[in-house]
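Down below is the structure, laid out as structure tokens.
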Amino acid sequence: MLHARISIDTNSVIGPVNRRLFGSFVEHLGRSVYDGIYEPGHDSADDNGFRRDVVELVKELGVTAIRYPGGNFVSGFRWEDSVGPVDRRPRRLDLAWHSTETNEVGLAEFDSWLKLIGSEMMLALNLGTRGVQEALDLLEYANLAQGTALAEQRIADGHPEPYGVQMWCLGNEMDGPWQLGHRSADDYGKLAAQTARAMRSFDPSLELVVCGSSSASMPTFGEWERTVLTHTYDEVDYISCHAYYEDRGDRGDFLASGVNMDHFIDSVTATADHVKAVRGSSKTINISFDEWNIWYNERFEKVDKLTGVDNWPVAPRLLEDQYTVTDAVVFGSLLMSLLRHADRVTSASLAQLVNVIAPIMTEPGGLAWRQTTFFPFAETSAHASGSALTVNVESETYATASYGDVPLIDSVATFDDQTGSGAIYLVNRSEHESIEVTIDLGNLSGSALAALSLWSSDPDAANTLDDPDRVGLTPNGTLRSSGATASITLPPISWTQITVSTVK
């Protein structure tokens, strides 16, 4: 058996764990909304058509701020279509996903759903086919209490209280040639700055997210961030990061995906701080990692992608990836990367929430179930609080094609001084070997510990409609502790959480 060692020190603080790190994303795409959160004919549907079984799973998942309504969808979206009487809302073509949008669920309906699950709305603006005036109109409609035509329109539409949206995305992936209204960094930066200044004229306290690169592999990556922030630095609070990972046939490479996310975050942070230095600013721009997940995009491009002038279905089955144990382990390591950068990543959105590359799946008229990725997210959201801590790792390495030599063990920890509780997160990237990890608990000596692991003898095991409970979390009975030291054996390709409770 292989061996590794980690050490924990509650004084080695990275930064506070912002609850917005556990955000998600609902886009008008595929069956995310229709047949996902909303299915009026379902046995569990409430009076507004929302599936109560999905509501309960979303609450169990523990999501916070939810980004809406896109994504690529938002770059062609007319917000006016989504308000007012439902029977008067127009059907529109969604050019982003080659579908028809019915607008049956709009701003008011989504807001009422958020109240059911107890989450905050993070609203994305169309800066693809629209601009400053339309953004201001939506802001006024959503957030002004009364007294103007748009505020009174919202009241007449049946929503007397303003929505009070605090966090706004200034467009989506504007660096991508696939995006409606794609612009150069210079042109987008100017438009985003104009929009941000206008919005702050209404409310200086708004939190604004400017578009960073849609991935670190884009040819404009780095220079895009520098140019956009040069225009917008004084006007915004966040720059976005988007990253998706998939197993392309080299499982060892895939298991090391967190190394790429770490590098991505470090690069964007360095670029933002470069602009800060050039401008002589005292302000720090943080990161909104508002799209991240495992996504088998290659399968979408080759199998699922819709085409045809006369082919515009409503809520087609798109991007319904079935996640394995391996996917969930990598997913858990990506969450660990976000925690490892908690000083600068203060908001994140798992893309997406239901059916579309999602931890929750539904069948029309049937079950809702948890995918493998559900478990690391739900546990981390429930137990990672207080401050993120640096973990010193001594581990053997393995060679990867993309990232060089990578440690077999990945780890991060959190601790909350107020509650005396914490969590240690561990991933074993070895494909075949269990690893015994010795843990130096430092000033957590004597704490009560409990461990759960996600793993399977079949790393391709998944939860499906036919077998929705095949994969789950299991207590790890190898955990032992004595004073300042603990030990645990991690199965190959596994994700583990050790909860910590200090003994008073």
Are the side chain of [X] and the backbone of [Y] linked by a donor-acceptor contact shorter than 3.5 Å?
{"X": "Asn293", "Y": "Trp295", "result": "no"}
{"X": "Lys276", "Y": "Ile285", "result": "no"}
{"X": "His341", "Y": "Ser337", "result": "yes"}
{"X": "Gln352", "Y": "Ala358", "result": "no"}
{"X": "Thr397", "Y": "Asp405", "result": "no"}
{"X": "Arg31", "Y": "Pro316", "result": "no"}
{"X": "Ser119", "Y": "Thr64", "result": "yes"}
{"X": "Asp157", "Y": "Val83", "result": "no"}

State, without any angle test, whether [X] and [Y] hold a side-chain donor-acceptor pair at a distance under 3.5 Å.
{"X": "Asn172", "Y": "Gln179", "value": "yes"}
{"X": "Ser32", "Y": "Glu27", "value": "no"}
{"X": "Asp175", "Y": "Ser214", "value": "yes"}
{"X": "Tyr296", "Y": "Asp327", "value": "yes"}
{"X": "Thr419", "Y": "Ser421", "value": "yes"}
{"X": "Gln497", "Y": "Tyr425", "value": "yes"}
{"X": "Asp290", "Y": "Ser288", "value": "yes"}
{"X": "Ser213", "Y": "Glu225", "value": "yes"}
{"X": "Arg19", "Y": "Ser381", "value": "yes"}
{"X": "Tyr244", "Y": "Asn297", "value": "no"}

With rounding to the nearest 0.5 Å, note down the distance linking [atom1] in [X] to [atom2] in [Y].
{"X": "Glu101", "Y": "Ser82", "atom1": "CD", "atom2": "OG", "answer": "9.0 Å"}
{"X": "Leu170", "Y": "Leu127", "atom1": "CG", "atom2": "CG", "answer": "6.0 Å"}
{"X": "Ile37", "Y": "Thr362", "atom1": "CD1", "atom2": "OG1", "answer": "10.5 Å"}
{"X": "Ile239", "Y": "Trp224", "atom1": "CD1", "atom2": "CH2", "answer": "9.5 Å"}
{"X": "Met174", "Y": "His182", "atom1": "CE", "atom2": "NE2", "answer": "8.0 Å"}
{"X": "Arg154", "Y": "Glu161", "atom1": "CZ", "atom2": "CD", "answer": "7.5 Å"}

Between [X] and [Y], is any pair of side-chain heavy atoms under 4.5 Å apart?
{"X": "Asn72", "Y": "Trp178", "value": "yes"}
{"X": "Asp81", "Y": "Arg89", "value": "no"}
{"X": "Leu306", "Y": "Trp312", "value": "no"}
{"X": "Met361", "Y": "Gln322", "value": "no"}
{"X": "Leu338", "Y": "Leu334", "value": "no"}
{"X": "Leu180", "Y": "Leu95", "value": "yes"}
{"X": "Ser240", "Y": "His242", "value": "yes"}

For [X] and [Y], which heavy atoms make the closest approach, and how far apart are they?
{"X": "Leu353", "Y": "Ile66", "value": "CD2-CD1, 4.0 Å"}
{"X": "Thr230", "Y": "Arg279", "value": "O-NH1, 3.1 Å"}
{"X": "Phe25", "Y": "Ala351", "value": "CD2-CB, 3.3 Å"}
{"X": "Asp253", "Y": "Ala401", "value": "OD1-N, 3.1 Å"}

Can you classify the ring geometry of [X] versus [Y] as parallel (below 30°), tilted (30 to 60°) or perpendicular (above 60°)?
{"X": "Tyr141", "Y": "Tyr163", "answer": "parallel"}
{"X": "Tyr34", "Y": "Tyr38", "answer": "perpendicular"}
{"X": "Phe377", "Y": "Trp292", "answer": "parallel"}

Could you point out which residue of Tyr68, Trp97, Trp79 forms a ring-ring contact (aromatic ring centres under 6.0 Å, His included) with His28?
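Looking at Tyr68, Trp97, Trp79, the match for His28 under the ring-ring contact (aromatic ring centres under 6.0 Å, His included) is Tyr68.
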
For atom [atom1] of [X], is the number of surrounding heavy atoms from other residues, nucleotides or ligands below 6.0 Å larger than 12?
{"X": "Lys302", "atom1": "NZ", "answer": "no"}
{"X": "Glu301", "atom1": "CD", "answer": "yes"}
{"X": "Arg299", "atom1": "CZ", "answer": "yes"}
{"X": "Glu152", "atom1": "CD", "answer": "yes"}

Does the structure place the NZ or CZ of Arg183 under 6.0 Å from the centre of the six-membered ring of Tyr188, at an angle of no more than 45° from the ring's axis?
no

